[in-house]
Amino acid sequence: MSSHIFVSFMMALSLFFGAVDQICRAEDLQDFDQLDLGEMLGLVSAASGKVEDVLRAPAAVTTIDAVDIKARGTRSLPDLLRTVPGIQVMETAPGNYVVSVRGIGGLQGNNVILLLDGVALNNPVDGNIDWAALPICPDDIAIVEVVRGPVSPIYGANAYMGVISIQTRETALVDGLRATAQLGTSMDDQKKLGGELHASIAGRSGAWIWRLGAQGVQDQSLTKSSGESDLPDFQRLGLNSWLRWEMSKKTRFDLVWGGGWNKATATDSLVLEPLPQQTRTAYAGLYLETANLATSIPLIKIWSHATWFDRIADQSDYLGLSYEGTKAYDWTSGAELELALPARITTRFGLETGFILVDAPYIHPDENNQARWTYAARVQASMDITDWLIVEGAARGDISAFTDEPEFSYRGSLIYLEKAFSVRLTAGSAYRNPSYVEAGGRFVAPNSGLIVLEGDASLNAPRLDAFELGSMLALLDGRLTLKPSVFIARARDLVVGDFGSRVRRTFRNDQRFVDIMGEEIEARWHPYPAIDLTASATVLEFLSSAEDPAATVGVKDQNSQLTAHLGMGLALIEDRLHLYTGVTFASARSYYNVFTGVPPERLPPREVPNLFRLEAVVDYRPLPNFPVWLQASLASHLPHQMVEAPYPTSSQLGTIFFLSLRCQFEAEQ
Amino acid sequence: MRLTNKLSFLGLLVVAQVLSGCLDRFETISAYQDMRFLCSPEMSQEFDQELADCYEDQRAGVDCNGIFSLRGHLDGQPITLEARLLNETLRLTRLEPSGELVANEILLFGQTPYFDLRVKVSSLGFALAGEPKTYRFKRSAIDLPDEFLDDLVLMGIRLSLGSGGNDIEGIDNTGFVTIQQLTQESFRGSFEGAFGSPADIVVGCMAGIFSSTAGN
């Protein structure tokens, strides 16, 4: 039924745009006519780990650039991701989110990789993304790419359902300096205040390009939970930086690094107490690339990443478990070689090695504080069979301490390509490693000394196989882009918490498959250069759902079957006034399989009704020659006091009003 | 597949296996793997030694009043367990009209790495210092006449993570309890049967000295 509605909607949309096309062709659209189609459609890099035309990308990719981010006035990246098809977001506590992709994320966010300037920021302990600890704010972002589908052949384990790639590196800077500062304050419907300060400076001088961003946030808003207790204020400091040395026309060296500190509620799986905990993170990445060393060697690349996580909480304040004393390190290095072969074949070979080390009091003493090495080899190849037919393939083998045998993943694509149209047929397989907690955890109740949860080393790696048909159309001279896609995926060996037995609580693989089918569509239309209309919709259908009472991933009722977004942006008064309004919808869902606390117990079910998120933004530069912008934004939710997650300290979404002052100075050499 | 391709593939497999050997794999084992089943005849010496060590520790001020061991399936999981008993209570009752003092109920408390253990054997009617006797499981819902004169007992094992919890009860006609020795000071016994579900069958034994006595 929902599929029929979706198809009817697409047909109506096509008819509508076809009619508008006839009307608008007569209008003066000189701005768009001057642009190259490739420039309008853009380039992506996260689908294949290399820069390519979005029409050639072998996966569904959504891009959100800095202009979009400023126009939408969103203050958190997860809230921005709510508008992306296939993405579902749940706020579990102030600053804490679970972001899931295509119905598989469930209550764990460890099925998608988050890259910041190429460095994976997933926590090595459990693979989750700690959104509260991200050392960037939306103003630092040059572009976000959201790739949906199995991407393990490119990124390895845990790129199970996709990749979210954030780039702060702006490569289009001209020689000179640009400094930006923004001061903002917020207030929610309960009159709780928040404030944030962001500053960045970027510059280019000959062969050197650099950028430094810093932010500080303190927010009382939404700290009043649905229960009686107040949560600690949310606080964050973050620093991110990028340095590029263009050593020659062919060789460049990049250094990215940053870190952050945040203080927020510790409420999460296994910790129910709303006490504060602190998280410190740091990341660094080195990249050395040589392009076009020879005609047949378009690229040689050597790289190295490292991340560090640290949790601080005063265990003596906690009645139950805390994450105090958690330290995690992740280092990976690799090399890539791209070859241009005859018959228009491009092949890229990659080798990687690295280690993960976790030191935490809730890891089995025999497994704790040991560096665990990983190795990987991959190959990608693409062939332009003709000017309009491309075949792409990727295969990867990973060896790690998390699984007994090498894990293989693959992706194959057939792409039909026209100037403004492409159709993509893709099949792929991905997997994720059991997390440190699932394989080697040992949670001991601090008061009784009993082992209340323990890992299992014999877990199989959860796997996903998917098949996707996607398309991209650029109509009306590129002013209208449509990206529909249909996918079907099977997930197996999902890890469930075997928490019911009193003899021993551990994890096991669910023997049942989860089959999901989905339809996504994304549209963007510039009827006039000053008007930007965006729309997206996703329908999820669970052909079979995880029915194990302990399952928290791939459960039909825990996902919204329909999500949609509509947005409209206007640029007025010589581009000095930007208006934006948007509405995002997520259909009703329910939560009843959240296991939390020590020992893990199922929380009472919570029905989450249909959710509407309404946004309105005004961004105004009062004086044309003075680089100061004022921005006012409003985000409101209906139902107004709705809570998205069953945790007792989950925030009421309510309404937030944000006011900011932004200055930007540029000096060109 | 051409020979060179086959060799390349085999080479990759060999490299993969070699590298696999260099990994520090997870080998998370449960605490049960280090435990022994002390109730078999070949383990009787070990059982007695554990009991002797327990009493010696008790004299040194450490909490220990007995030994408990079992093997089988409980709550759907395989389990081999040896545990020290921290507290044992004997409840007595005086039969009417004979006035004979008999053991009514034995209550044992211990701790394992994963749960607090409580074992309850009730509706016994065992004559103190009497001859060994074997009882069959009965259902708790049945209040039988002459409950202390029959050969039926109610046995329950409780696994808890603190306070509360429910007993996993022995299913009637699936098992038995043998009291080998029981006085007001000490006891020794064994049991076998299905607890909670017909598939969850355990065999076990227990011995110790009572830390308290109630009833008369």
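Here is the naming used below: chain letters follow the sequence lines, and residue numbers restart at 1 for every chain.
- Under a 4.0 Å N-O distance rule, the pair B:Asp167/B:Arg118 qualifies as a salt bridge.
- If you look at A:Tyr160 and A:Tyr431, their ring centroids are not closer than 6.0 Å.
- In this model, a donor atom of one side chain and an acceptor atom of the other lie less than 3.5 Å apart for B:Gln58 and B:Asn65.
- Inspection of the A:Ser304 and A:Ser333 side chains reveals an N or O donor paired with an N or O acceptor under 3.5 Å.
- Taking 4.0 Å as the cut-off between side-chain N and carboxylate O, B:Asp63 and B:Arg84 do not count as a salt-bridged pair.
- Residue-level contacts of residues 354-367 of chain A with chain B, in order of numbering, are A:His364, A:Glu367; threshold 4.5 Å between heavy atoms.
- Among the candidates B:Leu159, B:Asp116, B:Leu161, B:Leu74, the single residue satisfying the side-chain contact (heavy atoms from CB on, under 4.5 Å) test with A:Arg502 is B:Leu159.
- Proximity to chain A is absent for every atom of B:Leu81, based on heavy atoms less than 4.5 angstrom apart.
- Annotation: A:Phe402 is in aromatic contact with B:Phe26 [ring centroid separation under 6.0 Å].
- Smallest separation of non-hydrogen atoms from A:Gly156 and A:Arg396: CA-NE, 3.3 Å.
- Note: A:Ala439 leads A:Ala439, A:Gly397, A:Gly449 in heavy-atom pairs under 4.5 Å with chain B.
- Checked against the 6.0 Å centroid threshold, A:Phe309 and A:Tyr329 do not count as a close aromatic pair.
- Aromatic rings from B:Phe195 and B:Phe137 are positioned such that their centres are separated by under 6.0 Å.
- The contact list for residues 36-47 of chain B toward chain A, using heavy atoms and a distance under 4.5 Å, is empty.
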